[in-house]
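Everything below concerns the one structure shown next.
Keep in mind that what you see is a predicted model, and the values were worked out from it rather than measured. Just the heavy atoms: all of them, side chains too, but no hydrogens, waters or symmetry mates, feed the values below.
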Amino acid sequence: MNNQRRKELDNIYNDLESIKYRLEDVLSEEETCLYNIPENLQASERYETAEDACEAISSAVDSIDEIFVFIEQARGR
């Protein structure tokens, strides 16, 4: 791989890293909301929606971690 493409992969990696941090912030906020839902509402649609959102965001973060591995492989690291 030439230096130009390697540099572009570095830029993509950095962009994804920023997105991952932003997702983690949103996840943290959503989890805080989820944990603050009163016990008598934990079977509610609101709770399930928040729980589903947390799971989806967590999966997105995990997927970005997987992408990091592939980018590192492509860069030869």
Side-chain angles (χ1 to χ4, degrees):
M1 174 173 294
N2 70 21
N3 286 335
Q4 181 181 358
R5 286 189 293 271
R6 189 172 285 113
K7 183 172 173 55
E8 183 61 19
L9 283 178
D10 289 343
N11 291 337
I12 292 167
Y13 189 100
N14 291 335
D15 290 345
L16 285 171
E17 200 167 44
S18 175
I19 292 167
K20 178 184 172 188
Y21 292 139
R22 291 170 53 200
L23 283 168
E24 289 172 334
D25 287 344
V26 172
L27 177 59
S28 178
E29 290 174 17
E30 190 65 22
E31 286 175 335
T32 298
C33 290
L34 179 67
Y35 299 142
N36 287 319
I37 293 176
E39 193 172 317
N40 63 333
L41 295 177
Q42 290 183 359
S44 69
E45 184 177 333
R46 177 179 164 201
Y47 185 87
E48 287 181 27
T49 300
E51 192 174 46
D52 289 345
C54 287
E55 289 175 14
I57 296 167
S58 181
S59 292
V61 169
D62 291 343
S63 294
I64 290 173
D65 285 334
E66 289 180 36
I67 293 169
F68 287 153
V69 172
F70 294 124
I71 290 173
E72 288 170 2
Q73 287 175 351
R75 290 191 302 195
R77 294 184 182 169

Hydrophobic clusters join Ile, Leu, Val, Met, Phe, Trp and Tyr when side-chain heavy atoms are under 4.5 Å apart, directly or via other members; which others share one with Y13?
-> M1, L9, I12, L16, I19, L23, V26, L27, I57, V61, I64, I67, F68, I71
Given a cutoff of under 4.5 Å between side-chain heavy atoms of I, L, V, M, F, W and Y, with clusters grown through shared members, what are the other residues clustered with I37?
-> L34, Y35, L41, Y47
What's the separation between atom [atom1] in [X] and atom [atom2] in [Y], rounded to the nearest 0.5 Å?
X	Y	atom1	atom2	answer
K7	N3	NZ	CG	10.0 Å
E30	E51	CD	CD	11.0 Å
Q42	E48	CD	CD	11.5 Å

Just wondering, do R5 and N2 contact through their side chains at under 4.5 Å, heavy atoms?
-> yes
Is there side-chain contact between S59 and E55, with heavy atoms separated by less than 4.5 Å?
-> no
How far apart are the closest heavy atoms of R6 and R75, and which atoms are they?
-> NE-O, 3.4 Å
Could I get the full list of salt bridge (Lys or Arg N to Asp or Glu O under 4.0 Å) partners for D65, not counting sequence neighbours?
-> K20
